[in-house]
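Letters A, B, ... are given to chains in the order of the sequence lines, protein chains preceding strands, and every chain is numbered from 1.
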Number of protein chains: 2
Amino acid sequence: MAHRPSHRLPKIPEMTIRRLSVYTRCLLQLEEDGIKTISSQDLADRFNLNSAQVRKDLAYFGEFGVRGIGYYVSGLKAELQRILGLDREWPVALVGFGNLGSALFHYRGFGRQGFRIAVIVDDDAGKVGRDVDRVPIVATRDVAGEIRTREIQIAILAVPAESAQAVTDQLVAAGIKALLNFAPTRLRVPKDVRLKNVDLSIELETLSFYLAKSLK
Amino acid sequence: MAHRPSHRLPKIPEMTIRRLSVYTRCLLQLEEDGIKTISSQDLADRFNLNSAQVRKDLAYFGEFGVRGIGYYVSGLKAELQRILGLDREWPVALVGFGNLGSALFHYRGFGRQGFRIAVIVDDDAGKVGRDVDRVPIVATRDVAGEIRTREIQIAILAVPAESAQAVTDQLVAAGIKALLNFAPTRLRVPKDVRLKNVDLSIELETLSFYLAKSLK
DNA sequence: TAGATTGTTAATCGATTAACAATC
DNA sequence: TAGATTGTTAATCGATTAACAATC
């Protein structure tokens, strides 16, 4: 079978996406500071990157600059927000409302870029049915309905490792398309579901490697 | 000036270190399951890696396998723990004891690999002086003494963005050599201090990029 | 126009993978 | 020994960087 006309498929490197996210935050700050234009060199210098890399990252998506000038801050910001999907609201399900879930709920910075926790999922009888800042807490057995009505595609998983796979299966069945997982366990999801693990142990162990090495 | 005899400096890729951490956890599990040996192919298959990559990752540090057999699980586990610095206890300072700090304190999995929270730092008058599971909570102004007496080299930063740089400066002055930062801000540290940022916004924005793209 | 900076091609660098002699 | 699997070299792949014509 023939592939779709691949006019947008030159396979974007993951690191490019991550840098676009960094550029976007920088542009938001520049705009606040009243700066109108910025060159790829200026932008690169702020993050110890190469200016060619900045231009190449952007070139995957179009031509946004003006030769001799650079990039218009607010224009580029808007383009990157569109590319990253930050030009709309993303309702998010927060699954697990223990210490970590609560911390993530109050984490400032999610909201700023259009992510809005629309429902909290927790099976604790003392929590189900309550609201937190107008966000309802529902039990796992009711999650499918909530996800469908609210058209939620993103879930943040902050439950213990033991229950992570079971609740993931239900989330996926209900239509969740992307998962940010904090449970220290390897989840299995269908190929069309995007899974990103935040693995705190790896981060710490990387640090201790360098410390141990410098001890000789 | 001549370099030191570089008999251990072929510059290890960061991704290699991260994979060693993954291998180690797998080996712990295999040992629990009573499995005695494993080949690079077996190990690679569990993580969709290439067997040559597994062997190359290990080859940076020595020859740990037996031709025709593979690797002895408990032997390799011990070697990797030594390489990653997991064959000793690392006292850790947990800085900030709000929702996130509390969640990290109770996070299982740190302790398993030798990281032990030895002191909690928080300036809330209601918290200072108390203990949590025998771990003392101290104020920032007393942190230097604690870090020196307990020989703490690693800090986990779970404070608001506004106070992150100030407390970091004090931690570094007191001798902290590695920082795992959860505050959504760019910290400046001396070159010899290892800094790893956990950036939750980037993770979410990467997810929304792929969702937005698949919407066309 | 002259100076600046883009978008893009070609060169470089580094990491992954294939292949295979060594050897248990 | 024959079969299996390592450690390592060479080939491949992909990402970063340098260089520069195009052009504002």
(message) A:Y107 vs B:N99, test: side chain to side chain donor-acceptor pair (under 3.5 Å). Steps then yes/no.
(response) CA-CA 9 Å; A:Y107 177 68; B:N99 276 308; over 6 Å; no

Could you state the [atom1]-[atom2] distance from [X] to [N], rounded to the nearest angstrom?
X     : N      : atom1 : atom2 : answer
A:M15 : D:dT16 : CE    : P     : 7 Å
B:E14 : C:dT16 : CD    : P     : 12 Å
A:I38 : C:dT6  : CD1   : C1'   : 14 Å
A:Q53 : C:dT6  : CD    : C1'   : 16 Å
B:K36 : D:dT5  : NZ    : C1'   : 21 Å
A:F64 : C:dT6  : CZ    : C1'   : 13 Å
B:I69 : D:dG7  : CD1   : C1'   : 16 Å
A:N50 : C:dT5  : CG    : C1'   : 14 Å

(message) Reading DNA chain D from 5' onward, which residue's closest nucleotide shows up sooner: A:P13 or B:Q41?
(response)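 Between the two, 5'-proximity favours B:Q41.
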
(message) So if I take every side-chain heavy atom of A:S40 and compare against D:dT16, C:dT6, D:dT6, which nucleotide ends up nearest?
(response)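 Looking only at side-chain atoms, A:S40 lies closest to C:dT6.
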
(request) For the pair A:R18 and B:E203, find out whether any cationic side-chain nitrogen is under 4.0 Å from an anionic carboxylate oxygen. (result)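 Looking at B:E203 together with A:R18, the answer is yes, because their closest N to O distance falls below 4.0 Å.
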
(request) Look at A:D87 together with A:R82 and state whether they make a salt bridge at an N to O cut-off of under 4.0 Å. (result)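 Judged by the 4.0 Å cut-off on N to carboxylate O distance, A:D87 and A:R82 do not form a salt bridge.
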
(message) Donor-acceptor check, side chain of A:N197 to backbone of A:D199, threshold 3.5 angstrom: yes or no?
(response)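 Not at all, since once roles are kept as given, no pair shorter than 3.5 Å links the two residues.
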
(request) Give a yes or no on this: more than 12 heavy atoms of other residues, nucleotides or ligands lie within 6.0 Å of atom OH of B:Y72. (result)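 12 or below, so no.
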
(message) Looking at B:E151, I'd like to know if its CD atom is crowded, meaning that more than 12 non-hydrogen atoms belonging to other residues, nucleotides or ligands lie closer than 6.0 Å.
(response)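 Atom CD in B:E151 is not crowded, with 12 or fewer foreign heavy atoms closer than 6.0 Å.
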
Every protein N/O within reach of nucleotides 8-13 of chain C N/O, cut-off under 3.5 Å:
none

(message) Tell me the closest heavy-atom pair linking A:L200 and B:F182, and the distance in Å.
(response)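 Heavy-atom minimum between the residues: CD2-CZ, 3.6 Å.
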
(message) Regarding A:Q53 and A:D57, do their side chains bring together a donor and an acceptor under 3.5 Å, going by distance alone?
(response)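 No.
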
(request) Check side chain to side chain contact (heavy atoms under 4.5 Å, CB included) between A:K77 and all other residues, then give those that pass, not counting sequence neighbours. (result)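 In terms of side chain to side chain contact (heavy atoms under 4.5 Å, CB included), with neighbours along the sequence ignored, A:K77 is linked to A:L27, A:L28, A:E31, A:Q81.
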
(request) Look at B:Y71 and D:dG7 and indicate whether a side-chain polar atom (N or O) is within less than 4.0 Å of OP1 or OP2. (result)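 Yes, because at least one side-chain N or O of B:Y71 sits under 4.0 Å from OP1 or OP2 of D:dG7.
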
(request) Using both pair distances under 3.5 Å as the test, note the stems of at least 3 consecutive Watson-Crick or G-U pairs that include DNA chain C. (result)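 Detected stem regions: C:3-24 with D:3-24.
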
